[in-house]
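Only a predicted model underlies this, so the values are computations on that prediction, with no experimental measurement involved.
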Amino acid sequence: MRQVVKQIKERNKIELELNNIEYQLWRLDDYEYTKLRKNSIPIKEDYMLYMQLYSPYRRSEDKLNLAQSFVILTWLLGDSSDYYDDWKGSFYFPLLLIIKKEIGDLFYLLKVYDCRGSLNFSLYKISDNELKDRKSDILHEPFESEFSRHEINSFWSYFYGYLIGLSQTIKLFISPLPFMKRIDSNHVVYGYKDNQYFEEQYNSEEEYHTTIQGYQSIDITTWNSQKMNTMLQNITNGVVEK
């Protein structure tokens with residue numbers, strides 16, 4: 001007898017190893033992330049690291065544009081959560097990060113997302129005790145005895161390089177459907193068309209909206225409409241006629 005509703009969902013997982021430290025990244029749903037986030041401590045970000053990774057002086061093959069980042073992350077982790085800032089961004093992936101070291105397993109939250117045209121990540125230390133008085137909103141320096149700033153930066157640089165490496169091989173066996181996404185805060189349009197990834201930024205709002213209308217007129221759909229069609233198919237395909 002076919003199931004009407006799947007009782008067990010598939011869980012996307014990535015395993016990496018760097019400098020004798022094993023990292024496991026487990027995809028979370030929005031409910032899981034929200035519950036864990038309420039009991040976690042935000043770690044300060046290192047914006048200098050972003051400047052180094054995304055420097056305009058780096059070779060194009062050493063960087064990912066947003067379209068590549070979005071497709072690769074979706075392939076690895078499943079569809080983006082819908083709970084992103086749709087003015088400044090266009091996707092976000094909530095993850096449980098398990099760091100396996102000699103001192104034991106360390107548990108962190110990792111949010112991979114885009115903001116104003118750049119790929120970012122936010123890290124949160126999951127607390128063993130219940131947090132009160134909005135302590136979950138206070139930024140902290142890294143816990144050096146657990147996961148130091150150097151280890152955090154090394155991990156993110158390695159993970160970014162891992163995505164770049166995948167971008168070179170994924171194109172051999174995956175061809176995305178044409179799509180377009182937008183970031184209104186910075187007038188950025190990106191996506192996939194004519195077998196090419198694209199990312200464009202405009203100085204004027206008029207030029208930005210004209211470009212969006214042009215893409216829509218040649219039948220480049222938004223990614224959200226593709227997600228909606230897939231959801232409808234999954235629902236209707238699971239129905240048992242009686």
Review point. Considering only heavy atoms from C-beta outward, does the side chain of Pro42 approach that of Arg37 to under 4.5 Å?
Key: yes
Exercise for review: Please check if any side-chain donor atom of Tyr208 sits under 3.5 Å from a side-chain acceptor atom of Asp184, or the reverse.
Suggested key: yes
Check your understanding: Can you name the closest pair of heavy atoms from Ser148 and Glu144 and give their distance?
Key -> CB-OE1, 3.0 Å
Point to revise | Leu28 vs Leu109 side-chain heavy atoms within contact, under 4.5 Å | key: yes
**Study point:** Lys101 side-chain N/O to Glu146 backbone N/O, donor-acceptor pair under 3.5 Å
**Key:** yes
Practice item. Anything under 30° is parallel, anything over 60° is perpendicular, the rest tilted; go ahead and classify Phe159 against Trp156. Key: tilted
Point to revise | Minimum heavy-atom distance between Leu95 and Arg27, given as atom pair plus value | key: CD2-CA, 3.7 Å
Check your understanding: Taking the six-membered ring for Trp, are the ring centroids of Phe147 and Tyr108 within less than 6.0 Å of each other?
Key -> yes
Exercise for review: With side chain to side chain donor-acceptor pair (under 3.5 Å) as the test, would you mind laying out the steps for Glu22 and Gln24 before giving the verdict?
Suggested key: CA-CA 7 Å; Glu22 181 184 341; Gln24 296 180 353; 3.2 Å; yes
Review point. Has the side chain of Asp29 got a donor or acceptor atom that lies under 3.5 Å from a matching backbone atom of Tyr31?
Key: yes
Check your understanding: Quick check, are the ring centers of Phe70 and Phe179 under 6.0 angstrom apart?
Key -> yes
Review point. Can you find a side-chain donor-acceptor pair between Glu199 and Tyr197 that sits under 3.5 Å?
Key: no
Practice item. Check whether any side-chain N or O of Tyr54 sits under 3.5 Å from a backbone N or O of Leu119 as a donor-acceptor pair, and report yes or no. Key: yes
Check your understanding: Honestly, is Lys111 close enough over Tyr33, meaning NZ or CZ under 6.0 Å from the six-membered ring centre and within 45° of the axis?
Key -> no
Check your understanding: Under 4.5 Å between any side-chain heavy atoms of Leu77 and Lys13, yes or no?
Key -> no
Pairs of donor and acceptor atoms involving the side chains of residues 160-167, under 3.5 Å and at least two apart or interchain, shall be tabulated with distances.
{"unit_1": "Tyr160", "atom_1": "OH", "unit_2": "Leu64", "atom_2": "N", "d": "2.9"}
{"unit_1": "Ser167", "atom_1": "OG", "unit_2": "Ile164", "atom_2": "O", "d": "2.5"}

Review point. Is the side chain of Ser185 donor-acceptor paired with the backbone N or O of Trp87 at a distance under 3.5 Å, no angle test?
Key: yes
Point to revise | Test item: Gln201 side-chain N/O and Asn186 main-chain N/O as donor-acceptor pair under 3.5 Å | key: yes
Exercise for review: Please check if the side chain of Lys63 supplies one atom and the backbone of Ser55 the other of a donor-acceptor pair under 3.5 Å.
Suggested key: yes
